[in-house]
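Each remark here refers to the structure printed beneath this line.
For the single chain, residues carry numbers from 1 onward in sequence order.
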Amino acid sequence: MVFKILAIARDCSVLILGLEIFVMLLLPIFVLWYATRWLKDFIPQAARFLQNMKAEWFRIVSRVDLVMTYIRTAFIWIGSKSEGLRAFLSRMRSI
C-alpha cells in the first residue's frame, strides 16, 4: 500500500515537474512576444527623436562654426592691419 502511494506521488511529481518545465519554456516566448510588440511602437518614435537630435546637432555645429569664423576673421583683420601699419611705417622711414 505504501509503495502504491509512493508510486502515485512520484508520478504526480513528474507530471508537475513537466508542467513547470513547459511553463518555464513558454515564459521567454511571451516575454519576447511582448518585447517585439513594444518595439514595433517604440522604433518609429525613437527614429523621429534621433532625427530631431541630429538636426539640432547640425544647428549647434553650424552656429559654433559661425562663431569660430567670426573669431578667426577678427584675428585675420588685426593681423592684416598690423602688417599694413608696419609696411606704411617702413615706407615712411625710407622717405
Side-chain angles (χ1 to χ4, degrees):
M1 180 82 171
V2 173
F3 291 118
K4 283 186 178 182
I5 294 173
L6 288 176
I8 291 172
R10 182 195 67 218
D11 293 341
C12 288
S13 67
V14 168
L15 288 174
I16 291 172
L17 184 63
L19 182 64
E20 183 181 344
I21 291 171
F22 181 71
V23 169
M24 292 303 286
L25 288 175
L26 285 180
L27 185 65
I29 292 172
F30 285 125
V31 168
L32 290 174
W33 171 262
Y34 284 110
T36 55
R37 288 181 63 201
W38 176 74
L39 282 174
K40 186 173 66 172
D41 296 333
F42 176 73
I43 288 175
Q45 293 174 358
R48 269 183 267 131
F49 174 75
L50 291 175
Q51 286 173 350
N52 291 340
M53 287 293 103
K54 183 179 177 183
E56 188 65 29
W57 175 256
F58 283 135
R59 266 189 241 116
I60 290 170
V61 166
S62 67
R63 288 178 185 155
V64 167
D65 193 33
L66 185 65
V67 169
M68 287 173 47
T69 304
Y70 288 152
I71 292 170
R72 279 183 279 173
T73 304
F75 281 109
I76 290 171
W77 183 80
I78 290 170
S80 66
K81 292 300 176 187
S82 65
E83 286 297 319
L85 185 59
R86 187 176 295 134
F88 175 73
L89 291 176
S90 66
R91 284 187 203 141
M92 292 303 285
R93 279 189 213 149
S94 65
I95 293 182

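Here the CD-CG distance, from E20 to L17, works out to 6.0 Å after rounding to the nearest 0.5 Å. Of the inter-residue distances, the one linking L6 atom CG with S13 atom OG reads 10.5 Å to the nearest 0.5 angstrom. Remark: K54 NZ to Q51 CD distance equals 8.0 Å, nearest 0.5 Å. One distance of note links CG of L27 with CG of L32; it measures 9.5 Å at 0.5 Å rounding. With rounding to the nearest 0.5 angstrom, the CG atom of D65 is 13.5 Å from the CD1 atom of I60. In this structure, CD1 on I76 lies 9.5 Å from OG1 on T69, to the nearest 0.5 angstrom.
Residues S90 and R86 fail the side-chain proximity criterion, which asks for heavy atoms closer than 4.5 Å. Contact check for L25 versus I21: side-chain heavy atoms found under the 4.5 Å cut-off.
Sorted pairs that involve residues 47-95 and meet ring-ring contact (aromatic ring centres under 6.0 Å, His included), not counting sequence neighbours, are lacking altogether.
Only one option out of L66, V64, I71 pairs with M68 in a side-chain contact (heavy atoms from CB on, under 4.5 Å); it is V64.
Under the 4.5 Å side-chain contact rule for hydrophobic residues, I29 and F22 share a cluster.
For S82 against G79, the heavy-atom pair with the smallest separation is OG-O, 2.8 Å.
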